[in-house]
Each structure stands twice: as structure tokens, then as C-alpha cells.
Amino acid sequence: MQFGIFTVSDITTDPTTGRTPDDTERVRNILTIARHADEAGLDVFATGEHHNPPFVASSPTTMLGYLAGVTKQITLSTATTLITTNDPVRIAEEYAMLQVIADGRMDLMLGRGNTGPVYPWFGQDIRQGLPLAVENYALVRRLWEEEVVDWSGKFRTPLQGFTSTPRPLDGVPPFVWHGSIRTPEIAEQAAFYGDGFLHNAIFWPMSHTQQMVRYYRQRYEHHGHGRADQAIVGLGGQVFMRKDSQKAWDEFRPYFDNAPVYGHGPSMEDFTRETPLTVGSPQQVIDRYGAFREKVGHYQRQLFLIDHAGLPLKTVLEQIDLLAEEVVPVLRREAESARPAHVPANPPTHAERVAAARAAGQVHTQTVAAGDHWTGKTAEDDIDAADAATPAAAARPGAAFGL
């Protein structure tokens with residue numbers, strides 16, 4: 001089972017010092033956090049995508065591309081890639097590029113985000129959020145799986161003879177998760193394609209998570225990808241730990257009470273009771289998260305939010321060490337000892353996906369044709385033909401295509 005951390009990249013004033021980092025400091029701190037997670041032996045680092053203050057992670061592939069060069073083992077992912085407001089052509093290009101740079105040590109989670117104004121900022125209508133998610137992902141799949149794409153749809157300019165570059169590494173696209181908190185249609189989309197489903201219910205009770213995961217598993221089996229308990233599931237969570245439980249509560253309370261995301265609302269006691277937020281000792285985190293398998297079945301990825309609400313960098317790095325040294329080894333051991341042999345322990349690696357695709361004869365060629373996709377001619381052929389023609393003929397519209 002994979003364990004890792006994700007960031008929402010918020011810039012929040014530390015309520016105990018009154019200090020607020022600027023954008024540059026926060027970005028660099030996130031990079032330090034990711035590198036420390038790799039050195040500590042965690043499995044995954046994921047970043048969200050936001051385009052508004054107080055968040056700074058506006059370009060996930062830039063951040064993850066850098067981290068691919070300075071980390072060794074950790075899987076690089078996204079906690080959200082906005083499938084509705086990013087151009088699907090750019091998603092196909094940027095994440096194939098990241099896949100090549102990271103040598104397959106990456107995946108991505110697609111989602112619609114939680115910031116309504118992002119839709120008009122990028123020329124879209126929030127009322128079309130679900131149709132956008134469906135159409136855009138269908139196009140991303142085609143761009144990864146087909147070398148030459150002719151396509152037309154409702155939400156973007158048609159494509160004629162378009163080839164997305166670079167081609168996916170080894171002819172196999174990245175593994176995709178679909179993230180949704182409350183929308184069954186997104187769980188259905190994940191199940192239809194046989195992709196992963198990540199329920200990041202950091203503000204929701206486990207009963208809701210249980211319903212969404214159960215629906216995804218049922219639909220995964222319905223679409224013929226395997227048994228329901230073999231579906232690839234991930235969960236999100238939040239923790240704050242100290243070896244002494246009361247110290248954890250005392251230290252985290254001012255951050256909780258003042259955080260814009262949930263401060264000045266339910267009490268920390270109520271919030272920890274009703275959501276996955278766990279404040280206490282490492283053993284309390286182990287007990288709480290180890291019990292989630294009873295609710296959702298055996299799952300493959302658990303991500304923790306630990307760097308939010310204005311927590312200082314030193315504290316966040318200490319949280320990573322507690323996770324890596326005291327929590328994850330126990331949770332991993334417990335999960336593995338109870339997991340049936342037919343249930344995947346982890347999401348598929350790039351190497352596993354390549355092997356499966358080759359066995360099924362589904363590896364897609366990476367060779368881009370030298371000629372254009374209408375006539376088969378190369379650019380050099382067109383130039384030679386134009387040189388041989390009269391000036392008037394060479395200038396005629398369509399002449400370069402022999403029309």
C-alpha cells in the first residue's frame with residue numbers, strides 16, 4: 001500500500017507568531033517538503049492546482065518536473081489537475097512530458113476543483129462542469145492512445161490530423177486517478193475507463209466516503225475491469241501528531257481555530273470526530289486510519305495533508321518523520337497481512353502497465369510520421385514542388401497540399 005502527502009499550497013498566517021510567508025518562500029518550502037518526504041521513504045508526493053490567492057500551486061507540472069530531477073524514489077502526482085478549465089491538449093502534452101522526464105515515476109489525479117470563479121477565468125461555464133470533465137478526458141485519452149487524432153466536440157476547437165507530443169513513455173499513458181467528493185458521475189467515469197478513484201473527503205464523514213467508494217467499485221466490476229474489490233482506490237486525510245497526544249491538541253488548536261479553510265466553524269473536537277482529521281499520537285493515527293479498511297475495503301493509496309493552516313516548515317518536516325518512522329510501517333504491515341492475494345497492493349507502476357499493454361498487444365507506437373497527415377508528403381516535398389511551379393501557382397491557396 002502506498003502512503004504519501006499532498007499539499008493544497010495555501011499561504012496562511014501562523015497564528016502563534018503572526019508571520020506570513022510570501023509566495024516565493026511558500027513555493028520553496030513545498031519543494032523542501034517533497035524532497036524530505038522522498039528522503040524519509042514516503043511513497044507519494046502530490047500537489048493541488050489553484051489559480052487564486054491564497055494558494056500558489058498554479059503550475060503542477062513545473063513543480064513536479066523539477067522534483068523529478070531532485071528526488072529518487074517517490075511517486076510524483078497531483079492532488080488535482082483541473083480537467084474542466086485546462087485545455088485537454090495541454091494536459092495530454094504536459095503530463096506526457098512529465099512522464100518522460102520522471103521516467104514513469106508519476107501519475108495524476110483529475111478533478112473539477114473547488115473554486116467556482118476559475119471557470120470564467122479560463123473561459124468556461126461552471127454549469128457545464130460535468131460535460132466538460134467527460135468530453136475533455138475522452139479527448140486526453142485519444143491524444144495519448146492515438147498518434148493522429150481527428151476530433152470535434154462541444155467545448156474546444158476541432159482537431160485535424162493532430163499529434164500530441166511528446167508521445168507517452170514506452171507508448172503507455174500515465175496512470176490516471178479521478179477525484180471527486182460528492183459526484184457519482186465522476187466515480188462512474190473512473191470506473192468506465194478502469195482508472196483509479198480517489199476520494200479526498202477531508203471535510204466529510206466516513207459514511208459518505210463509504211458510499212462513494214462502494215458505488216465506484218460496483219461500476220468498476222460492471223464495466224468488466226475486474227472484481228469490485230480489485231478496483232484502485234485512494235483516500236485523503238489530515239493528521240497532526242506529537243508523541244504525547246495532549247501536546248498535539250494544544251499545539252494544533254490555534255492553527256485549526258484560525259485556518260481560513262475550517263477555522264471559526266465547528267470545534268476541533270467535532271471536526272476530528274466527524275472527518276478524517278486526527279490530532280494525537282502516532283498510535284491514534286494508526287488506530288484511526290487502520291480501521292478505514294473496514295469501511296471501504298482494501299485500498300491502494302492513502303495521502304495525508306500536513307502542511308496547511310500556517311504550520312511552520314520545521315513542524316511539517318517533523319510530521320513527515322513521524323509518519324515515515326512510526327505510522328506508515330505499521331499501517332503498511334497491517335494492510336499487507338490482511339490483504340487477499342487477488343487484491344492489488346498498490347496502483348500499477350509504469351513498468352507493470354507497459355508489461356500488461358505488451359501482453360495485450362496495446363502498446364501505442366511512438367513514431368511520428370514524417371509526412372503530413374493529409375497527403376503523406378513531407379515539408380521538403382512541398383518546397384521542391386513550389387520551387388518547380390510558376391510563382392502564381394505556388395502562391396495559390398492550397399498549392400502546398402496539391403489542391
Side-chain angles (χ1 to χ4, degrees), residues 6-11 23 26-27 30 46-65 77-99 106-146 148-168 173-174 176-190 192-193 195 198 200 260-261 373:
F6 72 98
T7 183
V8 295
S9 76
D10 62 307
I11 294 180
D23 289 6
R26 183 66 170 113
V27 169
I30 291 172
T47 175
E49 178 186 347
H50 295 274
H51 298 277
N52 58 294
F55 307 101
V56 295
S58 60
S59 181
T61 53
T62 303
M63 179 179 292
L64 297 178
S77 189
T78 56
T80 306
T81 295
L82 296 177
I83 185 61
T84 44
T85 50
N86 280 307
D87 184 347
V89 173
R90 293 298 291 144
I91 290 178
E93 292 174 337
E94 290 180 356
Y95 285 92
M97 179 68 80
L98 176 61
Q99 185 194 35
M106 56 76 66
D107 53 34
L108 68 155
M109 187 183 80
L110 300 175
R112 292 174 296 149
N114 59 6
T115 306
V118 75
Y119 284 82
W121 293 341
F122 289 90
Q124 300 295 349
D125 183 345
I126 193 172
R127 295 170 295 183
Q128 299 297 319
L130 279 174
L132 273 164
V134 172
E135 180 177 296
N136 284 357
Y137 183 55
L139 177 54
V140 169
R141 294 271 303 206
R142 286 194 60 187
L143 291 168
W144 279 339
E145 295 176 353
E146 301 175 25
V148 181
V149 173
D150 294 312
W151 177 90
S152 64
K154 181 178 179 182
F155 297 109
R156 83 169 312 279
T157 305
L159 300 173
Q160 294 182 335
F162 183 80
T163 297
S164 176
T165 60
R167 304 304 300 149
V176 171
W177 301 81
H178 300 258
S180 179
I181 298 173
R182 60 186 180 273
T183 308
E185 289 88 345
I186 299 302
E188 168 67 20
Q189 184 181 41
F192 177 81
Y193 288 105
D195 295 336
L198 196 145
N200 192 11
V261 291
H373 305 306

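We number each residue from 1, following the sequence as shown. These values consider heavy atoms only, across backbone and side chains, with no hydrogens, waters or symmetry-generated copies.
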Please list, chain by chain and in numerical order, all residues satisfying ring pair (Phe, Tyr, Trp, His ring centres under 6.0 Å) with F155, sequence neighbours excluded.
-> none
Could you tell me whether the side chain of Y95 reaches within less than 4.5 Å of the side chain of T78, counting heavy atoms only?
-> yes
Say you draw a straight line from OG1 of T84 to CG of N136; how long is it, rounded to the nearest 0.5 Å?
-> 7.5 Å
With side chains defined as the heavy atoms from C-beta onward, is the minimum distance between Y119 and D125 less than 4.5 Å?
-> no
Considering all heavy atoms, the nearest I91-W144 contact = O-CZ2, 4.3 Å
Kindly give the heavy-atom pair with the smallest separation between A96 and P166, and that separation in Å.
-> CB-O, 3.4 Å
Rounded to the nearest 0.5 Å, the CZ atom of R26 sits from the CG atom of D23 at a distance of 10.5 Å
Do the non-hydrogen side-chain atoms of L143 and F162 ever get within less than 4.5 Å of each other?
-> yes
Under 4.5 Å between any side-chain heavy atoms of P131 and K154, yes or no?
-> no
Spacing of CZ belonging to R90 relative to OG belonging to S164, to within rounding of 0.5 Å = 9.0 Å
Side chain T80, main chain L82, donor-acceptor under 3.5 Å = no
Sub-4.5 Å side-chain heavy-atom contact between M109 and N200 = no
Do I83 and L132 come within less than 4.5 Å of each other through their side chains, counting heavy atoms only?
-> no
Nearest heavy-atom neighbours spanning P173 and Q99 | C-NE2, 3.5 Å
Roughly how far, to the nearest 0.5 Å, is CE of M97 from CZ of R167?
-> 12.5 Å
Donor-acceptor pairs under 3.5 angstrom involving side-chain atoms of residues 55-64: please list them, not counting sequence neighbours.
| from | atom 1 | to | atom 2 | distance (Å) |
| --- | --- | --- | --- | --- |
| S59 | OG | T62 | OG1 | 2.5 |

Are N86 and E49 side-chain neighbours, meaning at least one heavy-atom pair lies under 4.5 Å?
-> yes
Donor-acceptor pairs under 3.5 angstrom involving side-chain atoms of residues 182-189: please list them, not counting sequence neighbours.
| from | atom 1 | to | atom 2 | distance (Å) |
| --- | --- | --- | --- | --- |
| T183 | OG1 | R112 | NH2 | 2.4 |
| E188 | OE1 | R219 | NE | 2.6 |
| E188 | OE2 | R219 | NH2 | 3.4 |
| E188 | OE2 | H223 | NE2 | 2.7 |
| Q189 | OE1 | H178 | ND1 | 3.4 |
| Q189 | NE2 | A133 | O | 3.1 |

Heavy-atom side-chain contact between D195 and L110 under 4.5 Å = no
Roughly how far, to the nearest 0.5 Å, is the CG atom of D87 from the CD atom of Q124?
-> 9.0 Å
Value rounded to 0.5 Å, distance of CG in L98 from CG in D107 = 9.5 Å
Which pair of non-hydrogen atoms, one from P88 and one from R156, has the smallest distance, and what is that distance?
-> CG-CD, 4.0 Å
